[in-house]
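What follows is a set of notes on a single structure, which appears directly below.
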Amino acid sequence: MAHRVSKLVMVIGAILVCASIPSKADFKGLTAQDEFNIKLRTIYFDRDYDADSSDDSTLAQGIELNYASGYFDNLMSVGVSSYTVLNINSTGTAAGNILPAGNKSGEVDGGFSKFGQYFLDFKLGNSGHVKIGGQKTNSILLKSSGSRAIPNTFRGVFADYTVGDTKIYGFIYDKWSRRHDKKWEDFSTDQSSTGAISVIWGLGTAYSKDDLTLEAEYFSSQDYLAKAAFRGSYDIKLEQSDLTLSSGLFISKDDGDLFVTGAEGGDLDDEDKVGALAGLTNSENDGLAYYLDANWKKDIWTVGAAFTKVSDAWIEDNFSGDHGTNPFPTRSLIGADFTNQNEKTWQARFGINLKAFVPGLKTKFYYTNGTGAENSALGKLGGEANEKYWAIDTRYNVESIKGLSFRWLFLDYNTEKIGNVDGVKGDRADHRLYADYTIKF
């Protein structure tokens with residue numbers, strides 16, 4: 001108890017010291033364009049499962065120190081980020097969520113620090129750049145998650161170049177650092193040795209002009225999994241409101257010797273196939289899915305609806321430990337992917353900006369229902385399931401204190417399942433609270 005109180009006092013002290021600094025303060029760096037900021041995130045997760053023994057909660061403090069120089073001779077800049085996560089209190093089976101496991105079974109680590117980013121950024125005139133080193137990434141099929149105390153990051157090369165209304169980009173990474181751990185590690189599958197996936201890489205393009213946006217991306221986990229994504233959106237200006245129509249088509253496919261039974265252990269049911277041996281027999285995937293989405297906005301109101309249809313199961317996770325980048329609007333905000341074999345998913349959402357009552361406050365309600373999910377190896381003979389959730393996402397940007405924001409996310413997920421469908425998870429209710437404060441120098 002005394003140890004927990006001392007940690008809490010240390011965290012509160014660090015927050016108060018940082019909070020006493022103005023949201024914009026003087027900083028003298030290597031160039032006049034240098035940027036330095038401190039980002040504090042206090043985060044609380046409370047997860048309630050059907051089985052009480054699986055319940056867990058975590059209260060933690062994330063601290064980011066982010067520095068990026070201006071460009072030297074308009075050619076090169078440098079950047080580095082230090083990430084720290086402190087465990088204030090954890091209960092239940094919380095290891096691997098916000099913090100890694102501790103030394104004893106069932107224990108959660110007390111905290112860690114690491115260099116999450118370290119890079120050189122080379123400018124390609126005024127049209128692009130090449131970034132080399134540890135970095136955050138953001139594309140259709142690979143994204144540094146922002147849902148924990150700190151983001152996950154990747155080591156390698158990212159480059160982009162813009163010609164007119166079209167941007168072309170590509171990346172290749174050979175290591176990553178998880179959002180709940182201090183290590184930098186190689187890529188693998190759920191059945192392979194660490195480093196079996198030598199690299200992950202992707203190529204993409206985006207075209208944007210006036211109200212039209214078109215995007216495409218190809219992604220590869222070497223010798224394991226390949227993906228392709230195509231999506232577009234169009235904004236329609238109505239007399240007193242705006243309507244955005246969008247659609248996407250996504251493919252996932254087995255792509256090498258590493259795609260064996262159990263290589264994707266969370267969402268595929270290939271272990272149910274007669275004669276299948278985990279880690280030995282070849283497996284396959286020909287995932288195909290599309291979505292249609294409409295979002296209407298007028299004044300303080302937003303109303304949206306979406307539909308997703310999946311044929312063979314679409315795989316979200318790109319490698320072992322990856323929690324995936326899910327591009328579907330019908331995805332669960334927490335947990336399940338809603339991309340199982342033959343699954344059809346509908347979503348309705350409603351949002352309201354409450355600025356008239358509290359400036360900076362807005363909330364959105366979601367209801368999503370997925371039906372017809374099947375066992376990915378045996379179809380309905382192996383299992384079938386329905387899943388649904390409703391959620392509330394409330395955000396508050398404090399206008400009187402620049403850089404301070406709060407978020408409360410609640411989700412209730414329920415299923416009906418006969419047989420085995422790995423991609424449909426157990427019933428759960430999640431509360432997530434975030435308090436973010438960014439100080440820019």
Run through F230, F328, Y218 and flag the one making a ring pair (Phe, Tyr, Trp, His ring centres under 6.0 Å) with F250.
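Between F250 and the candidates, ring pair (Phe, Tyr, Trp, His ring centres under 6.0 Å) is satisfied uniquely by F328.
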
Report yes or no: do [X] and [Y] form a side-chain donor-acceptor pair below 3.5 Å?
X	Y	value
D235	T244	yes
T194	D186	no
N66	N37	yes
S57	D46	no
T368	Y389	yes
N318	K227	yes
T261	E271	no
D272	N420	yes
N414	D412	yes

Donor-acceptor contact below 3.5 Å, side chain [X] vs main chain [Y]:
X	Y	value
S144	P151	no
S139	L142	yes
Q135	G133	yes
T205	K167	yes
T281	L277	yes
K104	A101	no
S247	L292	no
T42	Q61	no

With heavy-atom distances below 4.5 Å as the criterion, would you say the side chains of [X] and [Y] are in contact?
X	Y	answer
E387	V424	yes
Y234	T213	no
S221	I200	yes
L404	D436	no
M76	S69	no

Note: [X]-[Y] ion pair, threshold 4.0 Å (strictly below):
X	Y	answer
D427	K417	no
R155	D174	yes
K297	D242	no
D55	R47	no
R395	D393	yes

Determine whether T339 and I315 satisfy the following criterion, side-chain contact (heavy atoms from CB on, under 4.5 Å), listing intermediate values before the conclusion.
CA-CA 7 Å; T339 57; I315 298 175; over 6 Å; no

Please walk me through it: do Y396 and W408 pass ring-ring contact (aromatic ring centres under 6.0 Å, His included)?
CA-CA 9 Å; Y396 176 42; W408 170 54; over 10 Å; no

Closest contact, heavy atoms only, [X] versus [Y]:
X	Y	result
A429	F410	CB-CE1, 4.3 Å
A196	L258	O-CD1, 3.5 Å
A313	N285	O-ND2, 2.7 Å
S53	T93	O-CG2, 3.9 Å
Q341	S376	OE1-O, 3.1 Å
D190	G262	CB-O, 3.4 Å

Show, in sequence, the C-alpha distance, side-chain angles and deciding distance for W184 and T153, and conclude whether the side-chain contact (heavy atoms from CB on, under 4.5 Å) test is met.
CA-CA 9 Å; W184 284 88; T153 50; 3.4 Å; yes

Once you measure the plane-to-plane angle for F45 and Y434, does it fall in the parallel (<30°), tilted (30-60°) or perpendicular (>60°) bin?
perpendicular

Evaluate the criterion ring-ring contact (aromatic ring centres under 6.0 Å, His included) for residue pair Y161 and Y169; output intermediate values, then yes/no.
CA-CA 6 Å; Y161 197 82; Y169 62 88; over 10 Å; no

Against F259, only a single residue in D223, L268, T189, N282 fulfils side chain to side chain contact (heavy atoms under 4.5 Å, CB included); can you say which?
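Testing F259 for a side chain to side chain contact (heavy atoms under 4.5 Å, CB included) against D223, L268, T189, N282 leaves exactly one candidate, L268.
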
Dump the intermediate steps for salt bridge (Lys or Arg N to Asp or Glu O under 4.0 Å) on D293 and R349, then the final yes or no.
CA-CA 11 Å; D293 184 272; R349 55 188 185 267; 2.8 Å; yes

For [X], does the [atom1] atom sit with more than 12 other heavy atoms under 6.0 Å from it, leaving out its own atoms?
X	atom1	answer
K273	NZ	no
E107	CD	yes
D257	CG	no
K175	NZ	yes
I236	CD1	yes

Calculate, to the nearest 0.5 Å, the distance between atoms CD1 and CD1 belonging to I63 and I38 respectively.
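I63 CD1 to I38 CD1: 9.0 Å, rounded to 0.5 Å.
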
Those residues that, when tested against Y173, pass ring-ring contact (aromatic ring centres under 6.0 Å, His included) (two or more places apart):
F154, F171

Working for side-chain contact (heavy atoms from CB on, under 4.5 Å), residues I140 and E215:
CA-CA 9 Å; I140 302 174; E215 299 173 279; 3.7 Å; yes

Contacts under 3.5 angstrom, residues 302-312 side chains, donor-acceptor by atom type, not counting sequence neighbours:
| unit_1 | atom_1 | unit_2 | atom_2 | d |
| --- | --- | --- | --- | --- |
| T302 | OG1 | G351 | N | 3.4 |
| T308 | OG1 | T330 | OG1 | 2.7 |
| D312 | OD2 | D286 | N | 3.0 |

Is there a side-chain contact (heavy atoms from CB on, under 4.5 Å) between E384 and N375 once you walk through the steps?
CA-CA 6 Å; E384 53 185 324; N375 182 291; over 6 Å; no

Within 45° cone and under 6.0 Å: K388 NZ/CZ vs W346 ring
no

Which donor-acceptor pairs under 3.5 Å do side chains of residues 110-121 form with protein atoms, sequence neighbours excluded?
| unit_1 | atom_1 | unit_2 | atom_2 | d |
| --- | --- | --- | --- | --- |
| S113 | OG | T84 | OG1 | 2.8 |
| K114 | NZ | S177 | OG | 2.6 |
| K114 | NZ | R178 | O | 2.8 |
| K114 | NZ | D181 | O | 2.7 |
| Q117 | OE1 | K136 | N | 3.2 |
| Q117 | NE2 | S81 | OG | 3.1 |
| Q117 | NE2 | Y83 | OH | 3.4 |
| D121 | OD1 | H129 | ND1 | 2.8 |
| D121 | OD2 | Y71 | OH | 3.3 |
| D121 | OD2 | H129 | ND1 | 3.3 |

